[in-house]
Amino acid sequence: MRRGDAARRLGLEAVFDAGGHVSQLLGEMAIPHGEGMVRQGLVASQPGRQLFQIRFHGRPHQGFHVDGGIVQILGLLSAHGRRDPFQAGRHRHKTDNIRGWIGIAPELAARDRHDPRHSPLIRRKVPVSMTMRTRFAPSPTGFLHIGGARTALFNHLHTRRHGGTTLLRVEDTDRERSTEAATQAILEGLAWLGLSPDEGPYFQSDFTQRHLDAAWRLVEEGKAYRCTCSKEEVDALREEQRASKDKPRYDGRCRDRTDHPEGTPFVLRFRLDAVGETVWHDMIQGTIRYPNDEMDDLILVRSDGSPTYNLAVVVDDHAMGITHVIRGSDHLSNTPRQLALFRAFGWEPPIYGHMPLLHGTDGAKLSKRHGAVSVLQYREEGFLPEAVNNYLARLGWSHGDQEFFTMEELERLFDVTEVGKSASVFNASKLEWLNTQHMKSLDPARLAPELVYHLKALGVVQPDPALAAAIIPTLRDRAKTFREMADKARFYFMESVEPYLPKAVDKHFQPEMVEPFTQWVERLAAVPLWEPAALEAEFNAVLEATGAAKGKLAQVARVALAGSDVSPGIFEVMGVLGRERALRRLSRGLEILRQHVGA
RNA sequence: GUCCCGUUCGUCUAGGGGUCUAGGACGCCGGCCUUUCAAGCCGGCAACACGGGUUCGAUUCCCGUACGGGACGCCA
């Protein structure tokens, strides 16, 4: 192993002071079964060894030990000072704030003092940042769908947990298909979910020049070349390879051409040597090995002069100081290509985490043209963003037996390294259940605007927000979505709830109900305090006086109040309606009852 | 076809050599409560893909098979 490889494998960055001591050490540490992040700077120092505080999560491995290389982990101590936290059995979830001794092999420190250039870490002079920076990078070719929302959510949550910064970069290098409307839809979707970025939106098309500069730099360095093959020519080649059951790939026929015919359109291709394999540690997928002969010379710049995705991503991720890339695992096979580009440019790559994809009930990847709808569609259907986020977070991730999470809890607990590797299937009924749970836990004042919105959608003219807020406690156990709640709430807003549901009238409007119902309406007119408990007391008094059955009389009242035999509790309903309106409905109900039984 | 990845109740998941008679949640079924409908509470049904190995012992580790998914663009 070359010197420095251990450090690189660990993803650690070190800055050495004049004496050859590590003055700063940051980054992610990939160790068997887990991740650690150096969280704070130097805590204590001894000759040859320095104590850093490390935040550790993931799956600690017994007997963890890394040696060799310029940065050496000498041992770890727990926050409580236990000797070796990994010896003490299972630490499945969080083992935070472990402090570890990190030292430099003395002979290397000595060397570095003599000639700092021998340290690859120094030579690169990578600016070191303690802050995690992540990005969400959608392409504006359609709405933000549920899978994209999940990617944005995972980025947001992981970054919040680690106190970093999120940014949004709109990947509009495909000018043909990118639209302004799509950009707006994505922004609106993110805003609704509460996932608006800390920085941005940036537009990749604004950075075309730096993409092209970078590509031409590679040409100058002999790492990229002009290719004059036409699209048709390459397509034909691939077709041929497919036919002979080979992997379709460009054969590099223009690699060593030195003539550049004037006026012939060309693309810029990146030289990718088909030897060895690319290995990296993924925050979710673990160690991935990818044979390099699987890759062909990818196009960096199109024949129309525009940069392609792989080029733009690498240049921008570097330029924007992105430390962690969390994206769908459909990007997994792009990663070795991007890693190769980072190497060619001499830049430190970010740490990757590839999320398992979301599948539809048919088992196939959810996408814009396959089963996925806009997240804003969930708003239209009456879901709370809290519920959608909660549901999405639980797809691939869990925290003990907990199902219900507030956004604050997720931001505190969620860690992308705890996400599982297998794809999950979207299940609407669990989302509905979670929506009910959130509706039950949130303040009616927060919920009222949602109800108002959906009431309007159902044609209720100018619903009173105060009334909506009063209605919510009566209906939130009874609806899965606001659309459903609005539907069930309509009777509150009607001038008259007639005609009553015929079936309900036939069933509940019986002759023996006339006397008790009459009594009740009379007593209600005189009740001093119009509130549920008092109303119920009057009701019970009538029951006692007349011997009527509670359920039967209540149903008559219910039909009069709501026009149907299904509604929230009648005393609650009366309370919300207020004395005047409730009494009017009940009196009218009495008239109809009398007519119906021919009294 | 090639490469990469995955596989625990219908679905989301816990569990990473013995504690597994495999835990929780949604849904479903039944009961209780009850002024209707819900909600709530209690109970039930229901899973380690298959085959080899390693081991005293495998759901757990290794190999293979099957199945599923992803990628193989002058899309991102």
Side-chain angles (χ1 to χ4, degrees), chain A residues 33 59 90 92 137-141 171-174 176-178 204 227 229-231 234-235 238 241-250 265 267-269 282 285-286 288-291 293-296 298-304 306 308-310 312-313 327-336 354 356-357 359 361 363-365 391 394-404 420-434 436 440 475-480 488 504 508 536 539 549-559 562 564-571:
Chain A
H33 304 289
R59 304 179 189 196
R90 295 177 190 170
R92 174 61 183 82
S139 70
T141 53
E171 310 244 317
D172 54 353
T173 48
D174 184 354
E176 302 260 307
R177 289 192 287 170
S178 299
Q204 199 154 50
C227 165
C229 298
S230 70
K231 197 172 179 172
V234 178
D235 285 348
R238 277 194 242 272
Q241 288 162 331
R242 234 182 270 272
S244 58
K245 300 202 191 298
D246 284 331
K247 187 182 170 77
R249 47 139 80 84
Y250 177 66
V267 300
L268 254 33
R269 279 188 191 271
D282 189 281
Q285 305 287 338
I288 310 265
R289 318 180 74 92
Y290 193 90
D293 62 7
E294 280 298 310
M295 297 185 277
D296 61 4
L298 65 105
I299 292 178
L300 300 176
V301 178
R302 302 185 183 97
S303 51
D304 68 357
S306 62
T308 60
Y309 164 75
N310 279 299
V313 167
R327 53 178 11 170
S329 60
D330 48 346
H331 284 285
L332 219 34
S333 58
N334 283 322
T335 309
H354 288 93
L357 299 177
H359 284 180
T361 352
K365 166 188 166 184
Y391 177 71
R394 278 287 286 102
L395 249 32
W397 177 83
S398 64
H399 181 75
D401 285 340
Q402 190 172 346
E403 296 288 347
F404 181 92
K421 293 192 201 181
S422 46
S424 33
V425 175
F426 189 86
N427 178 231
S429 56
K430 186 144 182 187
L431 207 209
E432 287 174 350
W433 176 77
L434 274 171
T436 308
K440 283 160 71 167
L475 240 28
R476 63 169 152 197
D477 287 348
R478 297 175 162 81
K480 295 186 176 76
K488 289 185 196 298
H508 302 294
E536 185 162 10
F539 187 80
K550 191 178 188 183
K552 291 192 170 186
L553 187 55
Q555 285 303 78
V556 180
R558 190 181 308 283
V559 174
S564 133
D565 57 355
V566 177
S567 84
I570 53 173
F571 308 115

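Below, chain A is the first sequence line, B the second, and so on; all start at residue 1.
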Describe the nucleic acid contact of A/Arg289 in one word from base, sugar-phosphate, nothing, applying a heavy-atom distance below 4.0 Å. sugar-phosphate
If the C1' atom of B/G27 is compared with that of B/U7, how far apart are they to the nearest Å? 22 Å
Pick base, sugar-phosphate or nothing for A/Cys227, based on heavy-atom distances below 4.0 Å to the nucleic acid. nothing
How about A/Asp296 and A/Arg238: do any of their side-chain heavy atoms sit closer than 4.5 Å? yes
If you look only at distance, which donor and acceptor atoms sit under 3.5 Å apart when one is on a side chain in residues 421-430 of chain A and the other is two or more places apart or in another chain?
residue  : atom : partner  : partner atom : Å
A/Lys421 : NZ   : A/Gln285 : O            : 3.1
A/Lys430 : NZ   : A/Glu403 : OE1          : 3.1

Sugar-phosphate atoms are those with a prime plus P, OP1 and OP2; base atoms are the rest. Using that split, label each nucleotide of nucleotides 21-30 of chain B B, S or - for protein heavy atoms under 4.0 Å, 5' to 3'. --BBBSS---
Is the side chain of A/Thr308 donor-acceptor paired with the backbone N or O of A/Leu300 at a distance under 3.5 Å, no angle test? yes
Can you find a side chain N or O atom of A/Arg177 that sits less than 4.0 Å from OP1 or OP2 on B/G73? no
Could you list the residues that satisfy salt bridge (Lys or Arg N to Asp or Glu O under 4.0 Å) with A/Lys552, not counting sequence neighbours? none
Side chain proximity check, A/Asn334 to A/Tyr309, heavy atoms < 4.5 angstrom: yes
Results of ring pair (Phe, Tyr, Trp, His ring centres under 6.0 Å) for A/His359 - residues two or more places apart only: none
In the strands shown, is B/C67 matched to any nucleotide by a Watson-Crick or G-U wobble pair with both distances under 3.5 Å, and which? B/G6
When rounded to the nearest Å, what value does the distance between P atoms of B/G30 and B/A49 take? 31 Å
Value rounded to 0.5 Å, distance of CD1 in A/Ile288 from CG in A/Leu332: 4.5 Å
Looking at B/U55, which nucleotide sits across from it as a Watson-Crick or G-U wobble partner, both distances under 3.5 angstrom, or is there none? none
At 4.0 Å (heavy atoms only), tell me whether A/Lys231 reaches a base, stays on the sugar-phosphate, or touches nothing. base
Considering only the P atoms, how many Å lie between B/C67 and B/G51, rounded to the nearest integer? 16 Å
Scan A/Pro291 against the nucleic acid and name what it touches under 4.0 Å (heavy atoms): base, sugar-phosphate only, or nothing. sugar-phosphate
Judged by each residue's nearest nucleotide on RNA chain B, which is more toward the 5′ side, A/Ser244 or A/Trp397? A/Ser244
Answer yes or no: does a side-chain N or O of A/Ser398 lie under 4.0 Å from OP1 or OP2 of B/A14? yes
Return all side-chain donor-acceptor pairs below 3.5 angstrom for residues 564-571 of chain A, not counting sequence neighbours, or 'none' if the list is empty.
residue  : atom : partner  : partner atom : Å
A/Ser564 : OG   : A/Val566 : N            : 3.0
A/Ser564 : OG   : A/Val566 : O            : 3.3
A/Asp565 : OD2  : A/His508 : NE2          : 3.3
A/Ser567 : OG   : A/Arg558 : NH1          : 2.9

C1'-based separation of B/U36 from B/G43 [nearest Å]: 25 Å
Pair assignment for B/G1, Watson-Crick or G-U wobble, requiring both distances under 3.5 Å: B/C72
Any strand is fair game: report the nucleotide pairing with B/A22 by Watson-Crick or G-U wobble, both distances under 3.5 Å, or none. none
Please confirm whether the shortest side-chain N or O distance from A/Arg242 to OP1 or OP2 of B/U2 is below 4.0 Å. no
Rounded distance in Å between the P positions of B/C9 and B/A71: 25 Å
Looking across every strand, which nucleic acid part, if any, lies under 4.0 Å from A/Gly396 by heavy atom: base, sugar-phosphate, or nothing? sugar-phosphate
Of all the choices, B/C4, B/C74, B/A39, which nucleotide is nearest to the side chain of A/Lys440 once you look at every atom? B/A39
N/O donor-acceptor pair, side chain A/Ser303 with base B/C74, under 3.5 angstrom: yes
Expressed as a whole number of Å, how far does the C1' atom of B/C45 sit from that of B/C26? 15 Å
Atom pairs, N/O to N/O, protein against nucleotides 41-48 of chain B, distance under 3.5 Å?
none

At 4.0 Å (heavy atoms only), tell me whether A/Val425 reaches a base, stays on the sugar-phosphate, or touches nothing. sugar-phosphate
Which residues satisfy the ring pair (Phe, Tyr, Trp, His ring centres under 6.0 Å) test with A/Trp397, sequence neighbours excluded? A/Phe405, A/Phe414
For A/Thr173, answer base if it contacts any base atom (sugar-phosphate contacts may also be present), sugar-phosphate if it contacts only those atoms, and nothing otherwise; contact means non-hydrogen atoms under 4.0 Å. sugar-phosphate
Working to the nearest 0.5 Å, report the span between OG of A/Ser178 and CD of A/Gln204. 9.5 Å
Could you pull out all residues at least two apart from A/Glu171 that satisfy salt bridge (Lys or Arg N to Asp or Glu O under 4.0 Å)? A/Arg169
Starting at CD of A/Gln241 and ending at C1' of B/G1, how long is that distance when rounded to a whole Å? 12 Å
For A/Lys247, enumerate each residue passing the salt bridge (Lys or Arg N to Asp or Glu O under 4.0 Å) test, keeping only those at least two apart in sequence or located in another chain. A/Glu294
Pairing partner of B/G16, by Watson-Crick or G-U wobble and under 3.5 Å for both distances, is none
Pairing partner (Watson-Crick or G-U wobble, both distances under 3.5 angstrom) of B/G40: B/C32
Could you measure between the two C1' atoms, the one in B/G10 and the one in B/C29, and give it in whole Å? 14 Å
Mind checking the CZ-CH2 spacing from A/Phe404 to A/Trp433? Nearest 0.5 Å is all I need. 8.5 Å
About how many Å separate NZ of A/Lys231 and CZ of A/Arg302, when rounded to the nearest 0.5 Å? 9.5 Å
In this structure, how many angstroms lie between the P atom of B/C75 and the CG atom of A/Leu300, rounded? 13 Å
Using a 4.0 Å cut-off on protein heavy atoms (strictly under), produce a 5'-to-3' string for nucleotides 31-38 of chain B with B for base contact, S for backbone-only sugar-phosphate contact, and - for none. ----BBBS
Determine the interatomic distance between P on B/G70 and the same-named atom on B/C32; round to the nearest Å. 48 Å
Using a 4.0 Å heavy-atom cut-off to protein, can you give one letter per nucleotide of nucleotides 62-71 of chain B, 5' to 3': B if the base is in contact, S if only the sugar-phosphate is, - if neither? -------SSS
note: A/Arg476, atom CZ; B/A39, atom C1'; distance rounded to Å ~ 12 Å
Can you list the residues that meet the ring pair (Phe, Tyr, Trp, His ring centres under 6.0 Å) rule with A/Tyr250, with sequence neighbours excluded? none
Report the distance from atom CG of A/Leu268 to atom P of B/G73, rounded to the nearest whole Å. 19 Å
